[in-house]
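Have a look at the structure below, then the notes.
Source: prediction; values computed, not measured.
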Amino acid sequence: QVQLVESGGGLVQPGGSLRLSCAASGSIFSINAMGWYRQAPGKQRELVAAITSGGSTNYADSVKGRFTISRDNAKNTVYLQMNSLKPEDTAVYYCNAVLTSVDSWPDKYDYWGQGTQVTVSS
């Protein structure tokens, strides 16, 4: 079985910073893209940032210049450094990985973490 476990959410004041981490574990053959999505109350889940195995990145316009995604391929871990946080960044943040498990090879599937709450408020 494959699991994605997130950590690092919490309550922060506007202008503050948080760092999210997500570690993939289990019978993994290879990981392609990893990314972060978020879902605010009453809104659809949206892409925040994504990174390929080669290090190419993609960001939502709303977070460009404030958030940085990175990954450690040796640890199957993706990070999201969030700076200059705004109240509108408040949401549940979900980790996503497109990967091939030992059981599913050669097919790739989407896996999701359980979500971590980020609240930006004074």
Side-chain angles (χ1 to χ4, degrees):
Q1 295 292 338
V2 174
Q3 281 189 317
L4 301 183
V5 179
E6 300 136 337
S7 60
L11 172 65
V12 64
Q13 292 187 341
S17 298
L18 281 176
R19 188 189 194 213
L20 305 183
S21 300
C22 171
S25 63
S27 303
I28 298 170
F29 180 80
S30 64
I31 301 178
N32 298 84
M34 299 186 81
W36 292 93
Y37 288 71
R38 68 186 180 187
Q39 188 167 18
K43 295 188 176 181
Q44 289 190 332
R45 190 174 296 191
E46 63 175 358
L47 174 68
V48 177
I51 185 167
T52 68
S53 57
S56 297
T57 58
N58 182 38
Y59 294 93
D61 288 342
S62 60
V63 307
K64 283 180 181 177
R66 300 188 298 122
F67 291 9
T68 303
I69 190 170
S70 61
R71 65 189 278 180
D72 184 333
N73 291 331
K75 296 181 179 179
N76 290 338
T77 299
V78 64
Y79 307 95
L80 186 68
Q81 178 66 43
M82 305 185 292
N83 299 328
S84 302
L85 282 160
K86 304 175 180 180
E88 50 264 43
D89 294 317
T90 296
V92 178
Y93 284 70
Y94 296 91
C95 175
N96 170 265
V98 178
L99 63 85
T100 302
S101 71
V102 171
D103 294 333
S104 73
W105 185 90
D107 298 326
K108 296 178 291 188
Y109 292 95
D110 269 306
Y111 289 83
W112 294 89
Q114 79 282 2
T116 185
Q117 177 70 46
V118 171
T119 302
V120 185
S121 175
S122 55

Side-chain touch N96/V98, heavy atoms, less than 4.5 angstrom: yes
N32 side chain to S53 side chain, donor-acceptor N/O pair below 3.5 angstrom: no
Within one Ile-Leu-Val-Met-Phe-Trp-Tyr cluster: Y109 and L4, side-chain cutoff 4.5 Å: yes
Neighbour count above 12 (heavy atom, 6.0 Å) for Q1 CD: no
Any side-chain heavy-atom pair of S121 and L11 under 4.5 Å: yes
Closest non-hydrogen atom pair between V48 and Y93, with its separation: CG2-CE2, 4.1 Å
Q117 vs T90 side-chain heavy atoms within contact, under 4.5 Å: yes
Nearest-0.5 Å distance, CE of residue M82 to CZ of residue R19: 11.5 Å
Q3 atom CD, over 12 foreign heavy atoms within 6.0 Å: no
Intermediate values then yes/no, side-chain contact (heavy atoms from CB on, under 4.5 Å), L18 and F67: CA-CA 10 Å; L18 281 176; F67 291 9; over 6 Å; no
Same cluster (ILVMFWY, side-chain, under 4.5 Å), V120 and V92: no
Heavy-atom donor-acceptor pair, R71 side chain to T52 backbone, under 3.5 Å: yes
From D107 atom CG to F29 atom CZ, the distance as rounded to the nearest 0.5 Å: 12.0 Å
Sub-4.5 Å side-chain heavy-atom contact between W36 and C95: yes
Heavy-atom pair of closest approach, residues Y94 and G113: CD2-O, 3.8 Å
Nearest non-hydrogen partners of R66 and D89, listed with the distance: NH1-OD2, 2.8 Å
Ion pair check, K64 and D61, cut-off under 4.0 Å: yes
Heavy-atom closest pair, residues L47 and A60: O-CB, 3.4 Å
Hydrophobic cluster identity match, V12 and V63, side-chain contacts under 4.5 Å: yes
Pairwise distance CZ(R38) to CZ(R45) - rounded to 0.5 angstrom: 13.0 Å
M34 versus C22, closest heavy-atom pair with distance: CE-O, 4.4 Å
Worked verdict on I31 versus N73 for side-chain contact (heavy atoms from CB on, under 4.5 Å): CA-CA 8 Å; I31 301 178; N73 291 331; over 6 Å; no
Minimum heavy-atom distance L20-G9, with the two atoms named: CD2-N, 3.6 Å
Under 3.5 Å donor-acceptor, Y37 side chain and W112 backbone: no
Student check: side-chain heavy atoms of V2 and I28 closer than 4.5 Å: yes
Pair Y79-T68, side-chain contact (heavy atoms from CB on, under 4.5 Å): steps then yes or no: CA-CA 8 Å; Y79 307 95; T68 303; over 6 Å; no
